[in-house]
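For reference, the structure discussed in these notes is given below.
First the proteins, then the strands, lettered A, B, ... as listed; each starts at 1. Quick note: numbers below take in every heavy atom, side chains included, and nothing from hydrogens, waters or symmetry partners.
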Protein chains: 2
Amino acid sequence: MTEPTQQCPIENTLKLISGKWKSVIIYMLLKHPTCRFNELQKLIPDCSRRMLSLQLKDLERDGLVVKKVYPVVPPKTEYSLTERGKSLKEVVEGMQKWGQA
Amino acid sequence: MTEPTQQCPIENTLKLISGKWKSVIIYMLLKHPTCRFNELQKLIPDCSRRMLSLQLKDLERDGLVVKKVYPVVPPKTEYSLTERGKSLKEVVEGMQKWGQA
DNA sequence: CCGTATCCGAGAAGATACTG
DNA sequence: CAGTATCTTCTCGGATACGG
């Protein structure tokens with residue numbers, strides 16, 4: 001049984017939350033527990049629609065965010081953090097605090 | 001004087017410690033307070049010499065790491081964290097712990 | 001309203017060889 | 001030992017336009 005040289009779980013963590021807007025999205029979803037697509041856009045104006053879409057897709061795939069779609073016209077979706085996503089609170093807020101000081 | 005819409009210090013933090021190997025380098029320097037170049041290479045075997053050099057240069061420029069050069073033959077250098085670098089302990093260890101769970 | 005598709009340029013990172 | 005130089009490749013992200 002050769003241990004797979006997993007020298008550093010940091011890389012895994014970083015892979016999930018780096019990407020230009022992921023950490024910011026998570027941070028916003030911590031403060032605004034459920035958000036529609038456009039709300040997120042307004043909260044993060046510098047993030048293009050395309051990027052927001054892509055990053056959310058990644059976050060969803062990685063189990064950090066869930067998307068709820070209401071089958072109505074016009075379309076309505078809501079994004080929120082999963083438990084796994086919420087568990088990043090310490091990390092993300094740690095970065096937030098450090099960035100301020 | 002228009003305030004630059006600095007909505008999220010997270011981005012600043014992330015800018016300093018993302019980059020493929022930076023957080024790992026910091027983590028290693030937390031555990032091994034001073035390291036020579038080759039020691040770091042051995043600690044992070046997947047990071048090429050070129051990349052290690054570049055990332056260290058960034059970290060140095062950003063005031064997270066200091067390099068001490070001994071004018072001897074063969075060359076000897078030692079890298080260590082600045083106070084600012086050490087202050088990332090919580091953040092980096094937070095990521096490490098989260099990555100394990 | 002909530003996205004996707006396509007195209008394109010810049011920068012990140014790998015491979016390899018060389019230097020003080 | 002501790003890097004740098006050069007070249008190529010690849011990924012990310014911006015701009016723009018379109019679709020259910």
From CA spacing to verdict: salt bridge (charged side-chain N to carboxylate O under 4.0 Å, His left out), B/K42, B/E39: CA-CA 5 Å; B/K42 273 161 203 156; B/E39 290 181 294; over 6 Å; no
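When DNA chain D is scanned in the 5' to 3' direction for atoms under 4.0 Å from non-hydrogen atoms of chain A, the outermost contacting nucleotides are D/dG13 to D/dG20.
DNA chain D lies under 4.0 Å from at least one heavy atom of each of the following residues of residues 68-79 of chain A: A/P75.
Scanning both residues, B/L14 and A/S18, for their nearest heavy atoms gives CD2-CA, 4.1 Å. B/R36 and B/P75 get closest at one heavy-atom pair: NH2-O, 3.4 Å.
Straight-line distance from the CG atom of A/L56 to the C1' atom of C/dG3: 11 Å, rounded to whole Å. Straight-line distance from the CE atom of B/M51 to the C1' atom of C/dG14: 8 Å, rounded to whole Å. Residue B/Q55 contributes atom CD, which lies 9 Å from atom C1' of C/dA12 at whole-angstrom precision. Rounded to whole Å, atom C1' of C/dT4 lies 11 Å from atom NZ of A/K67. Between the CZ atom of B/F37 and the C1' atom of C/dG20 there is a distance of 15 Å, given to the nearest Å. We find that CG of B/D58 is positioned 14 Å from P of C/dG11, with the value rounded to whole Å. The distance from atom CZ of B/R50 to atom P of C/dC18 is 17 Å, rounded to the nearest whole Å.
The closest donor-acceptor contact from the side chain of A/T82 to the backbone of A/L64 lies under 3.5 Å.
With salt bridges taken as basic N to acidic carboxylate O contacts below 4.0 Å, none links A/E60 and A/K57.
Within 6.0 Å of the NZ atom in A/K15, the count of heavy atoms belonging to other residues, nucleotides or ligands does not exceed 12.
Phosphate contact (OP1/OP2 of C/dC2, side-chain N/O of A/R36, threshold under 4.0 Å): present. Put simply, A/K57 has no side-chain N or O that comes within less than 4.0 Å of OP1 or OP2 on C/dG3.
Side chains of B/K67 and B/L56 form no contact here, defined as non-hydrogen atoms less than 4.5 Å apart.
Grouping the Ile, Leu, Val, Met, Phe, Trp and Tyr side chains by contacts below 4.5 angstrom, directly or via other members, places B/L88 apart from B/V66.
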